[in-house]
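Just so we're on the same page: letters track the sequence lines, and every chain starts at 1. Scope of the values below: all heavy atoms of this structure, side chains included, with no hydrogens, waters or symmetry mates. Since the structure is predicted, the reported quantities are computational estimates derived from the model, not experimental observations.
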2 protein chains.
Amino acid sequence: MNAQFKKGVLDLCVLAQLAKGDKYGYELTETISQEMTVATGTLYLLLRRLNEEGYFETYLVETPGGPARKYYRLTPKGLAYTQSLKDEWITFIDQVNRLIR
Amino acid sequence: MNAQFKKGVLDLCVLAQLAKGDKYGYELTETISQEMTVATGTLYLLLRRLNEEGYFETYLVETPGGPARKYYRLTPKGLAYTQSLKDEWITFIDQVNRLIR
DNA sequence: ACTATCTATGTTGTTTTACAATATACTATT
DNA sequence: AATAGTATATTGTAAAACAACATAGATAGT
């Protein structure tokens with residue numbers, strides 16, 4: 001069992017969003033905030049950490065108004081990690097449900 | 001949303017077990033270990049914390065062989081907290097599922 | 001008699017993660 | 001001129017889980 005799941009579901013949420021297509025940080029903050037409260041700083045910290053672990057590639061895109069957007073693209077390693085995290089999440093839910101029902 | 005859920009599902013597992021009936025620490029360790037890995041020290045730390053917050057009453061029971069068992073009994077406050085945590089857990093699963101599917 | 005194992009409770013120090021607060025910077029609106 | 005929105009990022013703090021260790025009585029094996 002992955003110990004990180006007890007406190008690391010956000011990783012999965014971000015990775016699963018990126019599996020749908022490249023996104024920039026602020027965009028991820030907005031999307032995830034629709035479902036749960038998350039501090040903006042938390043997302044950037046998480047993105048930096050996962051980036052350092054080789055799950056992302058990044059690229060900058062200029063915008064006419066406002067600062068440039070930093071897009072995150074999943075690497076093959078990142079995609080594989082996303083799938084394994086998703087599987088572990090499903091398993092984890094079952095384990096918890098067996099204990100609490 | 002409860003921020004503790006991202007890292008506090010163990011609380012719910014322990015409380016839900018106690019909602020079924022009084023149990024002692026080692027017994028909880030055994031039961032929860034059937035579903036997920038958990039360090040013995042973690043359980044006792046968690047029990048002490050929840051006890052200090054008024055969710056338990058405790059009592060000792062002598063055993064013919066081995067040290068006495070410390071039983072934990074949910075207080076009304078603890079039972080109410082268990083139910084609210086359970087509700088929040090169900091909600092949380094839905095929120096995550098919307099983000100990852 | 002000694003050793004290991006099981007039952008049972010508990011503490012200490014470390015790591016991880018999320019949060020709050022703060023900082024920067026450009027644009028558009030009032 | 002001030003505020004709000006878009007966008008990225010850092011710092012310090014708190015919570016929770018872990019690993020390792022400590023204690024202790026009973027039992028079983030060698």
Trainee: Please, which pairs that meet salt bridge (charged side-chain N to carboxylate O under 4.0 Å, His left out) have at least one residue in residues 92-101 of chain B, sequence neighbours excluded?
Mentor: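 For residues 92-101 of chain B: A/E35-B/R98.
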Trainee: Whole angstrom is fine here: how far is it from CG in A/L43 over to P in C/dC19?
Mentor: 9 Å
Trainee: Strictly by ring pair (Phe, Tyr, Trp, His ring centres under 6.0 Å), give each pair with a member in residues 8-48 of chain A just once, sequence neighbours left out.
Mentor: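 Listed once each, the pairs are A/Y24-A/Y71.
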Trainee: List the residues meeting side-chain hydrogen bond (donor to acceptor under 3.5 Å, both in side chains) with B/R49, not counting sequence neighbours, and say none if there are none.
Mentor: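 Here the qualifying residues are B/D11.
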Trainee: Output the rounded distance in Å from CD1 (A/I32) to C1' (C/dC19).
Mentor: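 Atom CD1 in A/I32 sits about 15 Å away from atom C1' in C/dC19.
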Trainee: In whole Å, I'd like the distance from the CG atom of A/L60 to the P atom of D/dA7.
Mentor: 13 Å
Trainee: Looking only at heavy atoms, which two atoms of A/T82 and A/A19 are closest? And how far apart?
Mentor: CG2-CB, 4.5 Å
Trainee: Take nucleotides 4-10 of chain C nucleotide by nucleotide from the 5' end and write B, S or -, depending on whether a protein heavy atom sits under 4.0 Å from the base, only from the sugar-phosphate, or from neither.
Mentor: ---BBBB
Trainee: How close or far is atom P of D/dA16 from atom CG of B/L12, stated in whole angstroms?
Mentor: 14 Å
Trainee: Heavy atoms from C-beta onward define the side chain here; which of D/dA16, D/dC18, C/dA18 lies closest to that of B/R49?
Mentor: D/dA16
Trainee: Can you list the residues that meet the side-chain contact (heavy atoms from CB on, under 4.5 Å) rule with B/K70, with sequence neighbours excluded?
Mentor: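 Per chain and number, B/K70 pairs via side-chain contact (heavy atoms from CB on, under 4.5 Å) with B/T58, B/L60, B/Y72.
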Trainee: Rounded off to whole Å, could you give me the CD-to-C1' distance for the A/E62 and D/dT6 pair?
Mentor: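 Atom CD in A/E62 sits about 15 Å away from atom C1' in D/dT6.
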Trainee: If the condition is salt bridge (Lys or Arg N to Asp or Glu O under 4.0 Å), which residues does A/R73 pass it with, not counting sequence neighbours?
Mentor: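 Here the qualifying residues are A/D22, A/E57.
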Trainee: Could you give the CG-to-C1' distance, from A/N51 to D/dA9, as a whole number of Å?
Mentor: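 Rounded to the whole Å, the gap is 14 Å.
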Trainee: In whole Å, what is the span from the CD atom of B/E52 to the P atom of D/dA16?
Mentor: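 Going from CD in B/E52 over to P in D/dA16 covers 12 Å.
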Trainee: What is the distance, rounded to the nearest whole Å, between atom CG of A/L46 and atom P of D/dT8?
Mentor: 14 Å
